Amino acid sequence: MSNLPSIDVIAYAVYLIAVAICGVAVWKGDPPLRLAAAVLLVTWTLSALAGRRDVYDMNYPTTVIDTNCALIFVWISLRWRRLWCAVLAALMIVEVTIPLVVFFDRDIHRYNQTLAYNVVTMPLLVVMALATWQAFRARRRIDEATLPA
């Protein structure tokens with residue numbers, strides 16, 4: 001059992017993968033993808049730095065940060081009408097409701113809350129990776145269509 005990696009090491013590895021995906025999206029993506037990736041990077045960084053939990057196990061600064069991120073994703077999806085951004089907004093809304101549910105239902109264990117966050121965060125990363133791939137593919141198609149004959 002002692003040979004298993006620490007949960008913290010796994011969390012940092014996933015965070016590095018998230019930074020790599022968002023970094024590529026900011027570097028090579030179209031404007032809505034760049035904005036969404038930058039918002040995710042700032043949100044995850046601020047959430048890692050923000051506040052402590054109170055007596056009721058609620059992290060208010062992180063909840064406010066996640067709520068603002070969800071609102072920005074809703075705005076991006078309405079502004080540019082991208083399906084992937086609407087999915088990101090929905091996932092962030094679910095992520096905002098997780099601590100609220102735990103706050104109102106005291107029978108939910110802290111481990112279950114952490115697991116719920118991870119279950120929501122992994123599809124968030126997959127959506128960002130797929131949106132980045134879609135932006136690459138669209139750019140390649142535009143480049144192929146504009147090649148001089």
Side-chain angles (χ1 to χ4, degrees), residues 3-53 57-103 108-149:
N3 294 335
L4 293 175
S6 171
I7 295 295
D8 293 334
V9 173
I10 294 170
Y12 287 122
V14 171
Y15 185 73
L16 287 176
I17 292 169
V19 167
I21 290 171
C22 290
V24 170
V26 167
W27 181 37
K28 293 284 188 177
D30 55 352
L33 183 60
R34 287 180 182 171
L35 181 60
V39 166
L40 270 181
L41 283 173
V42 169
T43 299
W44 285 334
T45 304
L46 289 177
S47 293
L49 297 175
R52 303 259 187 243
R53 299 186 183 283
D57 206 24
M58 181 75 171
N59 193 343
Y60 296 106
T62 301
T63 304
V64 169
I65 291 167
D66 288 345
T67 303
N68 289 330
C69 181
L71 291 173
I72 291 171
F73 282 152
V74 168
W75 176 77
I76 293 171
S77 67
L78 291 174
R79 167 73 170 85
W80 279 284
R81 296 186 181 175
R82 302 287 169 93
L83 180 61
W84 58 264
C85 198
V87 173
L88 285 180
L91 288 170
M92 283 305 296
I93 291 169
V94 169
E95 194 168 310
V96 168
T97 60
I98 290 170
L100 297 175
V101 168
V102 172
F103 180 77
I108 298 175
H109 192 268
R110 175 87 175 109
Y111 176 79
N112 296 336
Q113 180 183 5
T114 305
L115 182 65
Y117 271 126
N118 292 338
V119 166
V120 172
T121 302
M122 290 304 144
L124 200 81
L125 288 177
V126 170
V127 169
M128 279 302 294
L130 289 175
T132 306
W133 173 71
Q134 182 183 14
F136 282 147
R137 194 176 76 177
R139 182 174 293 162
R140 184 176 42 106
R141 286 183 178 174
I142 290 171
D143 290 343
E144 288 174 356
T146 59
L147 285 176

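For clarity, every value in this text was computed on a predicted model and none was experimentally measured.
Looking at heavy atoms from C-beta onward, Leu124 lies in side-chain contact with Trp44 at the 4.5 angstrom threshold. Side-chain contact check for Ile76 versus Leu88: every heavy-atom pair is 4.5 Å or farther apart. Residues Trp84 and Leu33 form a side-chain contact, since some pair of their non-hydrogen atoms from C-beta on lies under 4.5 Å apart. Taking the side chain as every heavy atom from C-beta outward, Val39 and Trp75 never approach each other to under 4.5 Å. No side-chain heavy atom of Asn59 sits under 4.5 Å from any side-chain heavy atom of Pro99.
The structure places CZ of Phe73 at 6.5 Å from OG1 of Thr43, a figure rounded to the nearest 0.5 Å. Atom CG of Leu125 sits about 11.0 Å away from atom CG of Leu130, to the nearest 0.5 Å. Atom CG of residue Asp66 and atom CD1 of residue Ile93 lie 11.5 Å apart, to the nearest 0.5 angstrom. Between Met128 atom CE and Leu41 atom CG the span is 8.0 Å, to the nearest 0.5 Å. Annotation: the span from Met92 atom CE to Leu40 atom CG amounts to 7.0 Å, rounded to 0.5 Å.
Pairs of residues two or more places apart, or lying in two chains, never qualify as side chain to side chain donor-acceptor pair (under 3.5 Å) while including a residue from residues 85-100. Residue pairs that meet the side chain to side chain donor-acceptor pair (under 3.5 Å) test with at least one member in residues 14-39, sequence neighbours left out, are Tyr15-Thr45, Asp30-Arg82. Sorted by first then second residue, the side chain to side chain donor-acceptor pair (under 3.5 Å) pairs that include residues 139-148, not counting sequence neighbours, number zero.
In terms of the salt bridge (Lys or Arg N to Asp or Glu O under 4.0 Å) criterion, Arg81 has no residue partners (sequence neighbours excluded). Scored by the side chain to side chain donor-acceptor pair (under 3.5 Å) test, Ser77 finds no partners at all (sequence neighbours excluded).
Val26 and Ala38 get closest at one heavy-atom pair: CG2-N, 3.8 Å. Of all heavy-atom pairs between Ala89 and Ala70, the closest is CB-O, 4.3 Å. Listed here is the closest heavy atom pair of Ala37 and Cys22: CB-O, 3.5 Å.
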Less than 3.5 Å apart, which donor and acceptor atoms pair up between the side chains of residues 114-123 and the rest of the protein, not counting sequence neighbours?
| from | atom 1 | to | atom 2 | distance (Å) |
| --- | --- | --- | --- | --- |
| Thr114 | OG1 | Arg110 | O | 3.1 |
| Asn118 | ND2 | Thr114 | O | 3.4 |
| Thr121 | OG1 | Tyr117 | O | 2.7 |

